[in-house]
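Accompanying notes for the structure given below.
Side chains included, hydrogens not; waters and symmetry mates left out as well; all remaining heavy atoms used. Each chain gets a letter, A, B and so on, in the order the sequences are listed, and its residues count up from 1.
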Number of protein chains: 2
Amino acid sequence: MGKQKKFVEAITAMDVDFAQWYTDIVKKAELVDYSSVKGCMIIRPYGYSIWENIQKHLDQKFKETGHENVYMPMFIPESLLQKEKDHVEGFAPEVAWVTHGGNEELAERLCVRPTSETLFCDHYAKIIQSYNDLPKKYNQWCSVVRWEKTTRPFLRTTEFLWQEGHTAHATAEESEKETIDMLNIYADFCENVLAIPVIKGQKTEKEKFAGAKATYTIESLMHDGKALQSGTSHNFGDNFSKAFNIQYTDKNGQLQYVHQTSWGMTTRLIGAIIMVHGDDSGLKLPPKIAPIQVMIVPIAQHKEGVIEKAMELKDRISKVARVDIDTSDKMPGWKFNEYEMKGIPVRLEVGPKDIENNQVVLVRRDTREKIFVSMEELETKIAELLEDIQKSMYEHALKHREENTYSAKTLDEFKDIAENKPGFIKAMWCGDRACEEKLKEVAGVTSRCIPFEQETISDKCVCCGGEAKHMVYWGKAY
Amino acid sequence: MGKQKKFVEAITAMDVDFAQWYTDIVKKAELVDYSSVKGCMIIRPYGYSIWENIQKHLDQKFKETGHENVYMPMFIPESLLQKEKDHVEGFAPEVAWVTHGGNEELAERLCVRPTSETLFCDHYAKIIQSYNDLPKKYNQWCSVVRWEKTTRPFLRTTEFLWQEGHTAHATAEESEKETIDMLNIYADFCENVLAIPVIKGQKTEKEKFAGAKATYTIESLMHDGKALQSGTSHNFGDNFSKAFNIQYTDKNGQLQYVHQTSWGMTTRLIGAIIMVHGDDSGLKLPPKIAPIQVMIVPIAQHKEGVIEKAMELKDRISKVARVDIDTSDKMPGWKFNEYEMKGIPVRLEVGPKDIENNQVVLVRRDTREKIFVSMEELETKIAELLEDIQKSMYEHALKHREENTYSAKTLDEFKDIAENKPGFIKAMWCGDRACEEKLKEVAGVTSRCIPFEQETISDKCVCCGGEAKHMVYWGKAY
């Protein structure tokens with residue numbers, strides 16, 4: 001690799017400055033560009049094709065589980081936003097307001113949706129009459145706006161893309177089941193498609209969604225030891241249905257309030273992919289989400305038969321993988337670096353000598369291992385290799401998380417870890433908001449979740465020494 | 001059909017009140033619902049699944065022809081919108097303005113995008129440097145906002161969904177070719193997928209897009225004789241690249257301005273499907289775009305073996321068509337009407353007698369013809385039938401357009417047709433804007449396009465009697 005190093009000098013090493021490394025990657029891998037609109041990003045073709053793959057996987061899962069896509073207006077009248085008290089308190093301070101249409105001032109301000117619970121509720125109140133109309137399981141793909149002071153591409157932007165599921169059910173049991181089912185779909189997607197291990201759990205009262213009875217979350221750990229909330233699923237119970245009067249007639253002719261959920265995943269998942277898998281040569285994409293899985297780089301391509309052979313291989317590989325070829329007149333070294341930066345899982349090199357030896361060279365992006373493969377075995381080996389890369393990227397990320405997850409029994413231990421060892425801290429909690437706030441104050445961490453898989457670290461709250469109620473994951477978060 | 005008529009009474013006959021008929025269909029086929037936001041519609045699952053099919057077809061075509069998807073911010077700073085003079089004049093009067101973010105007033109107003117030329121230009125100016133960077137062929141799927149006074153679902157709403165392609169090329173020839181290529185993709189899509197015949201042509205100076213050198217259009221004719229602009233493709237030449245300073249270094253090291261295009265299709269296509277194909281029983285969907293192509297209605301389903309047989313048929317049909325089944329306890333008559341209202345191309349009836357006779361009944365939505373098919377031939381016959389329906393719906397629409405297209409040589413003839421015969425009027429035009437305006441004033445029509453396929457109706461302008469330059473399609477339009 002010595003000779004090629006010069007091409008990648010421009011990217012900051014992650015251990016030197018993780019934030020700058022992140023910014024370098026999103027720019028150099030051509031995922032985003034900054035726009036003239038403060039806090040808004042342009043998602044470029046390569047970044048958008050990753051999002052399209054995320055959409056494809058999730059949308060299929062949503063449909064398989066009986067959800068239907070719809071489209072709600074992007075505007076919410078101020079009076080509608082105000083119907084659920086906690087919800088408006090949570091969102092009103094960070095919305096964008098439309099005050100003029102054409103040349104006229106509007107009689108009522110409209111906010112650009114920060115999330116669409118109020119619109120779905122307004123619609124559900126109209127279309128739900130009887131138990132026959134339930135459940136309603138809707139989803140929409142759209143963009144939302146939250147007025148942020150400091151922004152970073154994918155992680156926190158004024159406008160971002162997401163999907164928001166909104167469902168209505170006859171009973172509390174059904175809405176609870178839906179909330180958990182969707183969390184499980186999110187977790188499976190992260191682990192099996194994005195190769196990102198997640199902790200499933202419940203948010204504390206302090207951290208839950210504005211208007212929810214319970215918020216469930218999946219939390220992942222980035223390379224720098226910070227946590228990222230990667231997907232959330234909320235059970236509203238009848239909070240919203242009472243505020244919006246969404247009632248149905250049950251089988252006994254009685255009026256009942258519906259029980260609702262909402263759940264969402266966003267473009268911040270692309271930030272997670274970068275920060276979990278990336279290295280100092282750039283992005284590393286798990287094969288299942290990579291827009292291009294195999295990039296063919298012909299060697300000494302001016303020599304007779306090289307490009308022809310490379311094109312022939314491309315045709316063959318296209319039957320088992322998403323493959324592309326670079327026949328531009330740039331140097332192979334430049335191409336190697338470019339496609340490492342873009343995180344393409346496998347590079348295939350083929351030149352005159354390889355053709356003579358009836359073989360090609362495959363180079364793994366994750367381990368940089370070089371593998372010589374005979375032409376005959378190409379399709380089989382590539383399919384196997386992609387599977388192996390997917391698996392080993394997950395294991396690599398899991399190992400990193402395990403190595404950076406700590407337990408603390410005392411407040412001193414807790415503070416020491418928080419200060420010196422970036423990662424998750426597992427510690428017991430009494431359930432008191434005061435302790436949660438104190439840990440934030442003295443150690444700079446927030447509760448990430450009360451994991452479904454509980455452990456007993458001790459029987460006392462790490463903060464006040466009172467009786468422990470839950471084991472909680474704590475951490476600094478994006 | 002006699003007995004079932006009572007179920008469809010609620011829909012207004014199209015000949016009685018076409019506008020009301022349209023509104024009835026969009027509501028009763030559950031395509032849209034009105035929202036609390038003036039002028040904005042909710043696209044319900046059935047309507048949205050039609051849009052998803054439109055997206056799937058077009059997106060595939062765009063990608064096959066080398067276009068890449070991106071995502072631009074939904075906001076445009078006022079100063080950016082103002083960079084191209086004609087463009088801002090065309091759009092500024094009809095945009096929504098964001099003036100506050102959170103609790104603060106913005107230093108500069110942001111408009112919610114009515115279209116994104118200015119954002120793409122701003123981005124292209126940054127990323128295009130050399131001839132190596134060209135062409136850039138981008139597209140985005142998003143929603144846009146235009147502040148409309150009077151709105152109708154799909155046809156004219158304050159917010160609507162669309163795709164907008166934006167490309168940059170090295171030469172004027174290339175941008176002209178792209179503009180026409182995309183118009184052809186739109187025309188093929190309308191004719192082959194939506195079964196809607198279109199007239200391809202160029203817009204007059206008066207009717208072209210704000211900022212374009214040339215606008216091309218496809219125009220279709222609705223059942224009531226009104227025209228619908230169904231897709232447009234604009235060649236900007238270097239109008240925008242000069243305003244935004246988008247230059248590249250050519251092979252000789254000279255700085256050159258790029259040549260640009262944009263093109264779009266919107267959810268109004270769903271309005272076209274309704275108004276071209278629908279009838280007094282509801283929607284009629286061309287098979288290629290129908291979310292469900294075959295609906296199975298079991299007859300006497302309480303009898304032994306009926307539902308089992310129907311489910312077995314569903315499995316078999318699912319290999320050749322998008323199929324669903326209704327086993328609810330509603331009456332078959334109710335189901336027939338419901339799926340006619342929803343425009344499902346084929347209804348399959350199967351009951352105890354059919355099973356005994358080893359046959360099923362297929363009913364075409366377009367002609368209401370009943371066809372008895374033996375169980376063995378089911379897959380073949382359904383595939384053939386769907387193809388035949390697709391073809392005959394196109395022919396039916398083409399015949400309607402031909403029967404409602406008139407020629408006028410004199411102004412009196414022209415006025416008479418415009419007043420008494422809803423449809424297209426073909427007439428010669430001198431090319432003078434004054435004549436175009438006069439025809440609008442005296443006959444209430446606008447120029448729809450100067451068709452690529454010219455005919456000579458006479459050698460004089462139908463309005464002023466001066467020398468004719470073009471044959472033009474005129475009409476009243478949505």
Requested in this report: Between chain B and each of A:Glu30, A:Met41, A:His123, count heavy-atom pairs under 4.5 Å; write down the option with the most.
Outcome: A:His123

Report summary line: Checked A:Asn139, A:Thr157, A:Leu161 vs chain B; the most non-hydrogen pairs under 4.5 Å come from A:Leu161

Let me know if [X] has heavy atoms under 4.5 Å from chain B in its side chain, its backbone, both or neither.
X: A:Tyr138; answer: side chain
X: A:Ile42; answer: both
X: A:Glu108; answer: neither
X: A:Lys38; answer: neither

Atom pair [atom1] ([X]) and [atom2] ([Y]), whose distance is rounded to the nearest 0.5 Å:
X: A:Leu119; Y: B:Cys40; atom1: CG; atom2: SG; result: 9.5 Å
X: B:Tyr34; Y: A:Lys126; atom1: OH; atom2: NZ; result: 10.0 Å
X: A:Asn132; Y: B:Asp329; atom1: CG; atom2: CG; result: 7.5 Å
X: A:Ile43; Y: B:Gln140; atom1: CD1; atom2: CD; result: 10.0 Å

Please classify the contact of [X] with chain A as side chain, backbone, both or neither, using a heavy-atom distance under 4.5 Å.
X: B:Lys149; result: side chain
X: B:Glu52; result: side chain
X: B:Glu104; result: side chain
X: B:Val145; result: side chain

Under 4.5 Å between any side-chain heavy atoms of [X] and [Y], yes or no?
X: A:Val112; Y: B:Met74; result: yes
X: A:Ser49; Y: B:Asn69; result: no
X: B:Leu106; Y: A:Trp147; result: yes

**Report entry** Over all atoms of both residues, closest heavy-atom pair of B:Glu159 and A:Met72
**Finding:** OE1-O, 4.4 Å

Report summary line: On a heavy-atom basis, the closest approach of B:Pro77 and A:Ser36 is CG-O, 3.7 Å

Requested in this report: Please report the C-alpha distance between B:Tyr71 and A:Ser143 in whole Å, then the side-chain angles of each, then the deciding distance to 0.1 Å, and finally whether the side-chain hydrogen bond (donor to acceptor under 3.5 Å, both in side chains) criterion is met.
Outcome: CA-CA 10 Å; B:Tyr71 188 77; A:Ser143 78; 3.3 Å; yes

**Report entry** Trace of the side-chain contact (heavy atoms from CB on, under 4.5 Å) decision for B:Val98 with A:Val98
**Finding:** CA-CA 4 Å; B:Val98 172; A:Val98 172; 3.6 Å; yes

Report task. Given side-chain contact (heavy atoms from CB on, under 4.5 Å), test A:Ile127 with B:Arg44 step by step and report yes or no. Result -> CA-CA 11 Å; A:Ile127 64 168; B:Arg44 300 188 66 182; 3.7 Å; yes

Query raised in the report: Any residues in residues 57-64 of chain B near chain A, with a heavy-atom distance under 4.5 Å, and which are they?
Result: B:Asp59, B:Lys63

